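A quick write-up on the structure given underneath.
Below, each value reflects all heavy atoms present in this structure, side chains not excepted, and no hydrogens, waters or symmetry copies. Order of listing sets the numbers, starting from 1, for every ligand and every atom in it. Since we're looking at a predicted model, the values are computed, not measured.
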Amino acid sequence: MHHPTIILGAGAAGLMAAAHAGPGTLVLDHAKAAGEKIRISGGGRCNFTNLYAAPENFLSENPHFAKSALARYTQWDFIDLVARHGIAYHEKTLGQLFCDGSAKEIIAMLLAEMEAAGADLRLNAPVAEVAKGPDGFAVILQSGERLTCNRLVVATGGKSIPKMGATGFAYRLADQFGLRVTETRPALVPLTFGPDVLALTKPLAGVALPARVSCNGASFDEALLFTHRGLSGPSILQISSYWHETDSIRVNLLPDRDVLGALKTARAENGRRAIGTALTELLPNRLAAAWAEARGLSGQLANTPDTQLAEIAGGLAGWELTPAGSEGYRTAEVTLGGVATDGLDSRTMESKAVPGLYFIGEAVDVTGWLGGYNFQWAWSSGWACGTAIRTTRDDMGA
Ligand SMILES: Cc1cc2nc3c(=O)[nH]c(=O)nc-3n(C[C@H](O)[C@H](O)[C@H](O)COP(=O)(O)OP(=O)(O)OC[C@H]3O[C@@H](n4cnc5c(N)ncnc54)[C@H](O)[C@@H]3O)c2cc1C
């Protein structure tokens, strides 16, 4: 069977590209349903974009690469599409847009767009091999069936959540066709810690508070969650993208608060109060008690000189921790790194060395922050690729 375009991967980027690449496009996926990551995203409500999405919210070896696609298909374009399909949505926090109902509405919308554009979808279709021929590509399925196409789009995502079928297939294909792949690492992932930190965090599992977490020049003010395995919550997931083995992270448990001033006021108001009790006015009770115990903070405020209050305030603002590792691809929301952008055209996502071969979505070395940015990259890169293919086909009358 010959198709003008075959897209490997019926995820966010693949479906978006299929909606724009023109009739006769075939989308193949080894899963039994399309858009499985969309379905589970955002706790089942899909954080489908971010009102403030901008190139600064993405990590890549070349921070300029994503600019063109993000500018040509923006969050406002996707919001328009969602609205046209009558999908109700709301802003949860920090510009993050979620469906009011279910993430399945986004999948249904993409499938409807794809079908309206004349593209076909084949599920349960694992790909065994891809080969380049004189006029295009051959895709050989595990069943032995051979399909050919003029253009091949690789939208098979990254390595995160192998239980859902993530394989790193895109990197193998890139390698096969001589495209460079940057170092890949799990990102947007909880960090794990050694026994000294766990002694504090484990009993506090479930406690959450707003915090500022910093590492390697990046800093995020978002919720911090204590867990049985260490620390999680949006601030930790965000910083995990900037953290490398052996780096320490810095946690400010009370950003935007004058902690020293608050402790001095508490001392002036009631000097007989224990330091631990004064901390409960600043931190969640369980954390205040555990923090005071771990740091040996006993005694009354009246007997605590300014220098010691300053030390306590400094400790809360600058808690230095060295993670032992991360939970890895098992729970990582995305893969950092991927197909190197210097091998791709930023307007079309086409390989510079292998005409007709495209890489889009998470497979590419463009990784967004937590908060709807990764889907926006999938929509923008999928749109850039799909419209480029459609335009070339129109020009060639194909
Ligand atoms: C739990 C979780 C929650 C998330 N929540 C959000 C969120 O709310 N907002 C946000 O912006 N991002 C979120 N993300 C990230 C987001 O899901 C990804 O960035 C996005 O799905 C990437 O799109 P993609 O199309 O590149 O890849 P994917 O969506 O992963 O799609 C790849 C497709 O390729 C198929 N495939 C893989 N290998 C093969 C193969 N060898 N042969 C055939 N098919 C193959 C897969 O079955 C899959 O359908 C979340 C991720 C996870 C894991």
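Aromatic pair Tyr373/Trp377: centroids not less than 6.0 angstrom apart.
With sequence neighbours excluded, the residues that form a side-chain hydrogen bond (donor to acceptor under 3.5 Å, both in side chains) with Gln238 are Glu222.
In this structure, Val189 shares a hydrophobic cluster with no other residue, the cluster being traced through Ile, Leu, Val, Met, Phe, Trp and Tyr side chains under 4.5 angstrom apart. Annotation for Leu237: hydrophobic cluster partners, listed by chain and number, are Leu188, Val334, Leu370 (ILVMFWY side-chain heavy atoms under 4.5 Å, direct or chained).
A salt bridge between Asp258 and Lys264 is absent, with no side-chain N of the basic residue lying under 4.0 Å from a carboxylate O of the acidic one.
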Which pairs of nitrogen or oxygen atoms, taken one from ligand 1 and one from the protein, are under 3.5 angstrom apart?
from, atom 1, to, atom 2, distance (Å)
ligand 1, 8 (O), Gly42, N, 3.3
ligand 1, 8 (O), Asn47, N, 3.2
ligand 1, 9 (N), Asn47, O, 2.9
ligand 1, 11 (O), Asn374, N, 3.4
ligand 1, 11 (O), Phe375, N, 2.8
ligand 1, 19 (O), Glu362, OE1, 3.3
ligand 1, 25 (O), Ala12, N, 3.1
ligand 1, 25 (O), Ala13, N, 2.8
ligand 1, 26 (O), Glu362, N, 2.8
ligand 1, 36 (N), His30, NE2, 3.4
ligand 1, 38 (N), Thr167, OG1, 3.2
ligand 1, 44 (N), His30, N, 3.3
ligand 1, 47 (O), Asp29, OD1, 2.7
ligand 1, 47 (O), Asp29, OD2, 3.4
ligand 1, 47 (O), His30, NE2, 3.4
ligand 1, 49 (O), Asp29, OD2, 2.5

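For Asp135, the CG atom sits in a loose shell: 12 or fewer heavy atoms of surrounding residues, nucleotides or ligands are nearer than 6.0 Å.
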